[in-house]
Every structure is written in C-alpha cells, then in structure tokens.
Amino acid sequence: MRILKWILIIFGIFVVLLLLLLFLNDKANQKVSITRYTYTDSEIPSAFDGCKIMMISDLHNADFSEDIVEHIKNEKPDYVVMTGDMVQLPDTSIENTLKIADEVTKMNIPIYAVSGNHDRQCGKYDEIIASLWAHGVYMLEYDSVRFEKDGESIVLMGIQDPRHDVVTDEKIAAIRGNIKNQLSRREDYFTILLSHRADLYPQIKDTGVDLILSGHLHGGVVRLPFVGGIVDKDKKISFSSDYDYGVYEEDGNATMIVSGGCDKNPKKRRFFNPPEILLITLKGE
C-alpha cells in the first residue's frame, strides 16, 4: 500500500506540473515577443550601421496587431518588412495585417512585403496585393528598392512565393534567374532578400545576395529545449527539421535569419515556441 501511495503522489505531482506547464505555454502564446538579432558584415555601409529592421512573418491574420504596433512604436525601426502568409486558409482576410500597415504608415516608417504560400493559394491573391498597396505596403514581388542615406545605399529585394507546396526544379530555376537579374542591376550594393520559404535556402543561398529573411516553418511549431523544432514542413514529427528557426550560414554563402512566426492557429498549436517578431540590427565591421 505504501508503494501505491507513493506512486499516486508522484503521478499527482507530474500531472500538476504538466498542467502548469501547459497553462504557462498558453499564456505565453497570447502575446508577441521580440527576438533580437545583430547582423554584422563589412559590406554594410557606414551610413546604415545601426539600421533597424522589424520583421513580421506568418501572421496568418492572428489578432496580434495591437501588440505588434506597440512594439514598433517602442522600437522605432527604420523599416518594417513582412515575409508572407498574411492570410490563414481557408479564410482570405488580411484585416490584422492592414491594421498594422495603417499604423506603420502613420509613423512614416516604410513597410515592404512579399507573399507566402497561403496568400498565393487563397484564390484572392490579386485582391490581397491591391489592398496591401492601397494601405501603404510596398510589395516586392520580384522587385527591389534601393535605400539611400548620406550618399550610400543598400538594396532590399523580394521574390513572389511559388504558390504550390512542391517547388519544382523549373520554378527554382526561375526564382534563381529572377534574383540574379535583379542583382545585375544592383550588384554594387549590400543586398537583403525577402523570401517566404526558409526551406528554399539551399537552392538560393549562392545567388549573390548577402542576407535572406524568411519564415514559413513556424519554428518547427513544437520546440524542445536543446533539440529545437520537432515538426517538419509536412506537419510530421521530425527531429531533423532544417532551416526552421534562427540563423544559418553555409559555405560562405548568404546568411539567412528565420522567424518562428506569430500565428495563433488552434489547429497548429505552438508549444514552447511563443509568437515572435524580429528586430534585426545591421552592423558594419
């Protein structure tokens, strides 16, 4: 009986701790936090040393607009960028993205974006793009813009999401060709690329851009300490999910910074992976 008693006590403690952990996890998922990165590169002009870029990825129309706007007001970034998936299929609303865009525009902060797979697959892509333009968002769908300051420049470019879940070799070739075509007109500048799908990194890392900002994989959805994300892009358990979160640099090619996203989808519950936006500070060596 004493053994049974201790088993029940230990089991009870385990259940209480598990419930507490789940409560704290759910509480953390109700707010968007800021994850800060500093990217250092000798190619960054001195005029842009200290430049701050706020990055929003995979919002999926979650009701975090007030949180995000408050962070932007407090941090006062030089630029705001969005790396896709503003809608949550099967819905097509981007109401919360537009709220953010309106407030950022009022703050006179330039805002740029590219599409994600949900945006491209929702059936209302053209209407979404038109609405974003109307609310002050500069869409970098196979386009680029040059920022000038004190006689020096950097370039921000973007690629349109390839739409289909399986990205064929032909589409990859087209994406690479587009990036290189844009670079041919901006080859003398430090270049940042907005690309929704972080898992395309192996195919675009050697195109000549300096820094890639991506999302798409939601940080692995479920993250474990010392392990990382454990759900792959096909929503299957995997302890080898690649490019799902953080900083990547391979073979001297472009560095990629990946956001875990800031969605709130009950069908894809985040565990130990709270919603985040990124604040990236550029530093010259």
Going by the angle between their ring planes, with limits at 30° and 60°, are H60 and H118 parallel, tilted or perpendicular? perpendicular

Between K171 and T168, is there a donor-acceptor pair closer than 3.5 Å when you use the side chain of the first and the backbone of the second? no

Flag for D161-H196: side-chain donor and acceptor within less than 3.5 Å: no

Straight-line distance of I72 CD1 to I109 CD1, nearest 0.5 Å: 6.5 Å

Assess whether atom CD of E66 is packed by more than 12 heavy atoms of other residues, nucleotides or ligands within 6.0 Å. no

To the nearest 0.5 Å, atom CZ of R197 lies from atom CD1 of I212 at 15.0 Å

Would E276 and T35 count as having a side-chain donor-acceptor pair, cut-off 3.5 Å? yes

Show your working on side chain to side chain donor-acceptor pair (under 3.5 Å) between H216 and D58 and close with a plain yes or no. CA-CA 6 Å; H216 182 51; D58 299 275; 5.1 Å; no

Under 3.5 Å donor-acceptor, D91 side chain and S93 backbone: no

Between K124 and D119, does any NZ, NE, NH1 or NH2 come within less than 4.0 Å of an OD or OE carboxylate oxygen? no

State, yes or no, whether a side-chain contact exists between T191 and I154 at a heavy-atom distance under 4.5 Å. no

Hey, quick one: are V155 and I192 part of the same hydrophobic cluster, counting side-chain heavy atoms closer than 4.5 Å, chains of contacts allowed? no

Flag the pair Y39 / L282 as yes when at least one side-chain heavy-atom distance between them is below 4.5 Å, and no otherwise. yes

If I take atom OG from residue S195 and atom CD1 from residue I179, how far apart are they, to the nearest 0.5 angstrom? 6.5 Å

Students often mix this up, so state it plainly: with edges at 30° and 60°, are the rings of Y248 and Y243 parallel, tilted or perpendicular? perpendicular

Should K99 and E95 count as an ion pair when the cut-off is N to O under 4.0 Å? yes

Output for pair (R120 CZ, D85 CG), nearest 0.5 Å, gives 12.0 Å

Salt bridge between R270 and D263, side-chain N to carboxylate O under 4.0 Å? yes

Going by distance alone, is a donor N or O of one side chain under 3.5 Å from an acceptor N or O of the other, for Y201 and E249? no

Ring centroids only, cut at 6.0 angstrom: are F147 and Y112 within range, meaning strictly under it? yes

Taking atom CG of L140 and atom OG1 of T83, what is their separation to the nearest 0.5 Å? 12.0 Å

Could you tell me whether the side chain of N61 and the main chain of V87 form a donor-acceptor pair under 3.5 Å? no

